[in-house]
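All remarks here apply to the structure that follows.
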Number of protein chains: 2
Amino acid sequence: MSKREGARNLQSKLRPIINYSLTDQVETKLLELFKKEDLRNGDAIPKENELCEAMGVSRTVIREALTRLKTIGLIESKKNKGMILTEPDLLIGLDKLLQPKILSEETLQDMFEMRLVLEMGIAELLFARIKPADIADLKAILKTEKDYPALFEMDFEARFHGRIYEIARNNTLVRFQSMLLPIFKYVHDKGLKLKDEELPKNYVTHALIVKAIETGNAEKYRDAMKRHLKIHFDKTIKMRKLLE
Amino acid sequence: MSKREGARNLQSKLRPIINYSLTDQVETKLLELFKKEDLRNGDAIPKENELCEAMGVSRTVIREALTRLKTIGLIESKKNKGMILTEPDLLIGLDKLLQPKILSEETLQDMFEMRLVLEMGIAELLFARIKPADIADLKAILKTEKDYPALFEMDFEARFHGRIYEIARNNTLVRFQSMLLPIFKYVHDKGLKLKDEELPKNYVTHALIVKAIETGNAEKYRDAMKRHLKIHFDKTIKMRKLLE
DNA sequence: ATTATGTATTATGTATTACATATTATATTT
DNA sequence: AAATATAATATGTAATACATAATACATAAT
């Protein structure tokens with residue numbers, strides 16, 4: 001039995017000690033408190049000094065735990081008023097993290113695919129909620145793209161596809177996809193570049209997608225969208241095989 | 001013009017002063033530093049005291065800014081070693097936020113729909129990556145569900161649908177959907193309860209979905225899934241109309 | 001010479017105290 | 001009664017000191 005194996009064997013008998021810091025404990029206690037007291041959105045929470053006394057720790061620790069909760073958007077503090085529970089923004093912090101340099105290849109690929117999944121999956125909600133005025137809007141957007149040459153022009157993509165989610169009336173998705181797009185572009189650009197002549201012959205433009213929306217149904221929309229995104233699908237499938 | 005309107009009018013001319021706290025500024029500066037220095041995953045960042053001196057603020061402020069970055073998973077600190085940049089977990093903090101009580105009806109609905117969208121949109125990736133062994137796995141899961149009576153049995157749903165995402169080989173989605181499911185269940189349960197006899201006649205079970213996967217293609221899968229999720233689609237469309 | 005143990009150093013974690021500052025409520029002035 | 005000054009309050013910031021865990025280095029034992 002090697003030294004390392006010996007250590008592991010010992011570990012299985014003793015189990016390593018996990019040392020939760022005071023801040024960790026306070027954070028947990030605070031979350032428990034909110035739950036126990038059934039505090040809602042907008043309700044005030046105890047003052048820092050009250051928390052110090054109640055938990056028997058320094059204000060430093062209390063404040064660090066509170067800072068964490070503020071960071072995830074669970075509470076808000078006003079200079080004299082104290083602190084209140086807030087409706088947290090699920091996408092908070094995401095904008096700071098969704099940057100190519102700090103994410104692994106793996107995660108970037110995951111996000112790339114997530115956008116593809118969303119574009120395809122939105123169809124049902126889109127058709128359930130679309131109104132005539134929305135189609136007019138989409139057509140207006142098309143006009144501004146008249147000489148739409150490039151395969152992936154950020155601004156165009158953001159506006160057009162963003163509008164799709166707006167029509168589907170899901171605000172979280174609207175915001176999420178707008179955060180996703182820069183990542184998508186990055187992964188796209190980094191991947192194997194296609195020469196112009198390699199562009200798929202039957203490339204589906206936004207205009208064709210609008211047509212599918214106007215005259216078709218969920219399946220037709222998806223068929224158009226799938227072809228619009230074809231090279232991206234091809235690319236991610238190729239990439240994922242390389243990562244394996 | 002009311003007093004309030006007057007104030008608003010004045011505001012449009014003057015624009016309120018936004019007062020970034022020291023911590024805010026330090027946080028921004030830190031992020032800039034990481035970018036400027038092109039720091040990567042695992043790289044060490046300056047010591048707290050060095051940062052204090054460099055920026056001319058107290059360690060209190062530095063530490064509060066650092067706590068924020070730790071909270072979103074951007075850096076990690078070791079007791080004597082100092083701090084390093086880490087690959088942030090995009091889903092960090094989400095588990096603390098994805099709780100019915102602290103989210104608005106609107107956001108809950110958004111999340112409910114997001115799951116529906118993902119289940120439908122995953123089809124392409126699923127079929128691009130599925131292997132024979134995966135189908136066997138799915139069938140094994142079916143066996144454990146043999147007397148699958150309920151419309152939405154958390155554990156079954158989590159295992160079956162989770163496996164779908166695993167097959168699609170997107171780890172972030174796997175984890176995301178597992179966090180999403182409790183929310184989904186909550187929204188589902190809260191909504192109008194269906195009596196047994198109201199259950200759709202042609203309710204599609206997991207078994208039928210597996211069949212669609214085994215013998216079909218993306219469209220067939222989606223058709224099955226759409227019918228499997230039909231009452232949920234119906235419900236969310238009804239709900240959203242109520243919210244308008 | 002090698003291994004185990006003791007020691008010093010280092011950087012983060014926690015505690016304490018003090019003061020600054022913005023907001024609210026109260027008191028005062030006109 | 002309305003405008004203004006004042007006090008009280010709770011968070012934001014600063015400074016200092018010490019605790020503690022991890023590492024490197026020195027030392028002693030075999």
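None of these values were measured; they are calculated from a predicted model. Below, chains carry the letters A, B, ... as their sequence lines are ordered, and counting in each starts from 1.
Using a 4.0 Å heavy-atom distance criterion, Thr60(B) is classed as a base contact.
Between Asp95(A) and Arg175(A) there is no salt bridge, since no side-chain nitrogen of the basic residue lies less than 4.0 Å from a carboxylate oxygen of the acidic one. A salt bridge does not link Asp234(B) to Lys238(B): none of the charged nitrogens lies less than 4.0 Å from a carboxylate oxygen.
The nearest whole Å value for the distance from the CD1 atom in Ile84(B) to the P atom in dA11(C) is 16 Å. Ile62(B) places its CD1 atom 15 Å from the C1' atom of dG12(D), with the value rounded to the nearest Å. Spacing between atom CE of Met83(A) and atom C1' of dG12(D) amounts to 12 Å, rounded to whole angstrom units. Distance OH (Tyr20(B)) to P (dT13(D)): 15 Å, rounded to an integer number of Å. Note: CD (Glu53(A)) to C1' (dA10(D)) measures 15 Å, nearest angstrom. Nucleotide dT14(C) holds its C1' atom 16 Å from the CD atom of Glu64(B), rounded to whole Å. Spacing between atom CD of Glu76(B) and atom P of dA22(D) amounts to 14 Å, rounded to whole angstrom units.
In this structure, the side chains of Val187(B) and Met239(B) stay at 4.5 Å or more apart for every pair of heavy atoms. Side-chain contact between Thr67(B) and Lys70(A) is absent, with no heavy atoms from C-beta onward closer than 4.5 Å. By the 4.5 Å heavy-atom criterion applied to side chains, Arg240(B) and Asp110(B) are counted as neighbours. Inter-residue side-chain proximity for Leu118(B) and Tyr165(B) is flagged as met; some heavy-atom pair is nearer than 4.5 Å. Taking 4.5 Å as the limit, some side-chain heavy atom of Arg63(B) sits within range of a side-chain heavy atom of Glu64(A).
Ring-plane geometry between His232(B) and Phe112(B) is classed as perpendicular, the angle between the planes exceeding 60 degrees on a 0 to 90 degree scale with a lower cut at 30.
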How is the base pairing of DNA chain D summarised as a dot-bracket string, given the Watson-Crick and G-U wobble criteria with both distances under 3.5 Å, [ ] for crossing and | for another strand?
||||||||||||||||||||||||||||||
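For dG12(D), one of the phosphate oxygens OP1 or OP2 lies less than 4.0 angstrom from a side-chain nitrogen or oxygen of Arg63(A). Regarding contacts with the backbone of dG13(C), a side-chain N or O of Ser77(B) is found under 4.0 angstrom from either OP1 or OP2.
Residues from residues 22-32 of chain B lying near DNA chain D, meaning a heavy-atom separation below 4.0 Å, are Leu22(B), Thr23(B) in numerical order. Contacts between residues 33-48 of chain B and DNA chain C, counted as heavy-atom distances below 4.0 Å, involve Lys47(B), Glu48(B).
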Protein-nucleotides 18-21 of chain C N/O pairs closer than 3.5 Å?
none

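Listed here is the closest heavy atom pair of Met55(A) and Lys29(A): SD-CB, 4.0 Å. What you find for Glu48(B) and Ile62(B) is that their closest heavy atoms are O-CG2, 4.2 Å.
When only modelled atom types and interatomic distance are considered, Arg68(B) and Thr23(B) share no side-chain donor-acceptor pair under 3.5 Å.
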List, one per line, each side-chain donor-acceptor pair under 3.5 Å for residues 35-44 of chain B, sequence neighbours excluded.
{"from": "Asp38(B)", "atom 1": "OD1", "to": "Lys101(A)", "atom 2": "NZ", "distance (Å)": "3.0"}
{"from": "Asn41(B)", "atom 1": "OD1", "to": "Glu87(B)", "atom 2": "N", "distance (Å)": "2.9"}
{"from": "Asp43(B)", "atom 1": "OD2", "to": "Arg40(B)", "atom 2": "N", "distance (Å)": "2.7"}

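Counting non-hydrogen atoms of other residues, nucleotides and ligands closer than 6.0 Å to CD of Glu53(B) gives a total of 12 or fewer.
Residues passing the side-chain hydrogen bond (donor to acceptor under 3.5 Å, both in side chains) test with Glu105(A) are Lys190(A), sequence neighbours excluded.
Ranking dA15(D), dT11(D), dG12(D) by closeness to the Asn49(A) side chain, first place goes to dT11(D).
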